[in-house]
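Here is the structure we will look at, set down as structure tokens.
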Amino acid sequence: MTITSPHLGSSKAWTDAQLLYALEEVVEKELNRHLKVAKDWMPHEYVPFSDGRNFPGVFEDGEAWSSDQSKVTDIGKIALVVNLLTEDNLPSYHHEIASLFGRDGAWGTWVHRWTAEEGRHGIVMRDYLLTSRAVDPDKLEQFRMTHMAEGFESDNRHSMLHSVAYVAFQELATRVSHRNTGHQSGDPVCDRMLARIATDENLHMVFYRNLLGASFELAPDLTMQAVRDVVVDFRMPGHGMPGFERAAAQMAIGEIYNMRIHHDDVIQPVLRYLKVMDIDGLGPEGLKAQEELGLYMSGLDSEASKFDEKLAARKARMVARGRA
């Protein structure tokens, strides 16, 4: 680092401005690494446009939408709408991180690059949904308008470290949600599309995860507290969309995203990679946050096990009913 680091154990040594400056070199390094491994791709190449046909409206030959026109499974349709509406709020996400990280230097370059890459996701998903007639196009647009008109404010906009910690987990959560949606969609075309999106999300996760690791080296106490807060209070960015709670419950039962997946495939991998629970040399506040994080993860694992049991029982009942 080019900046002289304050005492690592101090919980009050760093301001957001100082951290942004101190991490600039790490951001530049991670940006260059990202640009070397990221591959540009064309959204239109993943959409079966030959399967499309006109909807009613300005076209006299338009065919009205019907729920039986798509091969996508019911749970796939639900998850696709949630995932797309989440991506639709990109303007708000861009505003949040641009305001927090800035628009200059390596930080600004990353903010704009990330936004450009994320923009592809909404484009290809909407084109696929409309072309494949997987969802009611009128309702989809109504949901989009409602969701975006309400705006979005991050739970972590008060702190640069909290924001970095959040996106490290959230990008992986989004990757997992997209990938599992593809697996459960019943359509190989949809699966390939979402696998392509998931690859982007994974690279974004790696960027933020590595940045979080550098933050632990600079300000371990503050970073540990941020990670604890984010993990304990984690919410997906689409939590404010219409009908999110019901859709989230259906996605949990459909094994697209639930407590077990959240624990095993999202939170634990990041904590394990960064060896968060093994970090030593912490001050009192950092140690307290580390202990509380460990207790929370133990509780989350227990709750996930209870959910697993309920899900297994539900599957058994459905099998029994099918045989009756």
Would you confirm whether [X], through its side chain, and [Y], through its main-chain N or O, come within 3.5 Å as a donor-acceptor pair?
X: Asp301; Y: Met297; value: no
X: Gln69; Y: Ala64; value: yes
X: Glu24; Y: Ala106; value: yes
X: Lys77; Y: Ser70; value: no

Are the side chains of [Y] and [X] in contact, using a 4.5 Å heavy-atom criterion?
X: His183; Y: Asn180; value: yes
X: Arg53; Y: Arg133; value: yes
X: Met125; Y: Thr86; value: no
X: Val82; Y: Tyr257; value: no
X: Thr115; Y: Tyr93; value: no
X: Trp41; Y: Val124; value: yes
X: Val81; Y: Lys139; value: no
X: Leu271; Y: Val227; value: yes

Check against side chain to side chain contact (heavy atoms under 4.5 Å, CB included), Arg175 and Met205: CA-CA 9 Å; Arg175 173 202 179 277; Met205 179 278 293; 5.9 Å; no
Please give me the minimum heavy-atom distance between [X] and [Y], naming the atom from each residue.
X: Asp16; Y: His158; result: OD2-O, 4.2 Å
X: Asp278; Y: Gln290; result: N-NE2, 4.0 Å
X: Met251; Y: Ser177; result: CE-OG, 3.8 Å
X: Tyr46; Y: Arg196; result: OH-CD, 3.4 Å
X: Ala38; Y: Glu117; result: CB-OE2, 4.1 Å
X: Asp191; Y: Ser185; result: N-OG, 4.1 Å

Out of curiosity, does [Y] fall in the hydrophobic cluster containing [X] (side-chain heavy atoms, cut-off under 4.5 Å, transitive links)?
X: Met148; Y: Leu85; answer: no
X: Leu203; Y: Ile123; answer: no
X: Leu212; Y: Leu31; answer: yes
X: Leu90; Y: Leu140; answer: yes
X: Phe234; Y: Leu295; answer: no

Audit row: Gln250, Asp74, side chain to side chain contact (heavy atoms under 4.5 Å, CB included) steps and yes/no: CA-CA 10 Å; Gln250 292 170 310; Asp74 290 341; over 6 Å; no
CA sep, side-chain torsions, deciding dist, call: Asp127, His44, side chain to side chain donor-acceptor pair (under 3.5 Å): CA-CA 8 Å; Asp127 285 349; His44 57 267; over 6 Å; no
Which value, rounded to the nearest 0.5 Å, describes the distance between [X] atom [atom1] and [Y] atom [atom2]?
X: Asp138; Y: Trp65; atom1: CG; atom2: CH2; result: 10.0 Å
X: Thr223; Y: Ile279; atom1: OG1; atom2: CD1; result: 8.0 Å
X: Gln225; Y: Lys288; atom1: CD; atom2: NZ; result: 8.5 Å
X: Trp107; Y: His112; atom1: CH2; atom2: NE2; result: 13.5 Å
X: Leu282; Y: Leu222; atom1: CG; atom2: CG; result: 11.0 Å
X: Met259; Y: Glu303; atom1: CE; atom2: CD; result: 5.5 Å

Any donor-acceptor N or O pair under 3.5 Å, side chains [X], [Y]:
X: Asp187; Y: Ser132; result: no
X: Ser66; Y: Asp68; result: yes
X: His147; Y: Asp88; result: no

Ring geometry between Trp110 and Phe207 (parallel below 30°, tilted from 30 to 60°, perpendicular above 60°): parallel
Intermediate values then yes/no, side chain to side chain contact (heavy atoms under 4.5 Å, CB included), Asn210 and Arg33: CA-CA 11 Å; Asn210 292 350; Arg33 180 198 54 76; 4.1 Å; yes
Taking atom [atom1] as the centre, does [X] end up with more than 12 heavy-atom neighbours from other residues, nucleotides or ligands that are less than 6.0 angstrom away?
X: Phe49; atom1: CZ; value: yes
X: His95; atom1: NE2; value: no
X: Asp104; atom1: CG; value: no
X: Met277; atom1: CE; value: yes
X: Arg272; atom1: CZ; value: yes

Option from Leu172, Asp264, Val176 for which side chain to side chain contact (heavy atoms under 4.5 Å, CB included) with Pro269 holds: Leu172
Six-ring centre of Tyr273, Arg209 cation under 6.0 angstrom, axis tolerance 45°: yes
Side chain to side chain contact (heavy atoms under 4.5 Å, CB included) between Leu80 and Cys190, intermediate numbers included: CA-CA 10 Å; Leu80 279 163; Cys190 180; 4.0 Å; yes
Under 3.5 Å, sequence neighbours excluded: what are the donor-acceptor pairs made by side chains of residues 235-249?
from   : atom 1 : to     : atom 2 : distance (Å)
Arg235 : NE     : Asp155 : OD2    : 3.1
Arg235 : NH2    : Asp155 : OD1    : 2.9
Arg235 : NH2    : Asp155 : OD2    : 3.3
Arg235 : NH2    : His239 : NE2    : 3.4

Sole candidate of Arg260, Arg314, Lys315 that passes salt bridge (charged side-chain N to carboxylate O under 4.0 Å, His left out) when paired with Asp308: Arg260
Salt-bridge criterion met for Lys306 and Glu309 (N-O under 4.0 Å): no
Test: Arg144 and Glu141 ion pair at under 4.0 Å: yes
Residue list, side-chain contact (heavy atoms from CB on, under 4.5 Å) with Ile97, at least two apart or on another chain: Phe101, Val111, Trp114, Tyr208
Contacts of Thr174 that satisfy side chain to side chain donor-acceptor pair (under 3.5 Å) - sequence neighbours left out: Gln170
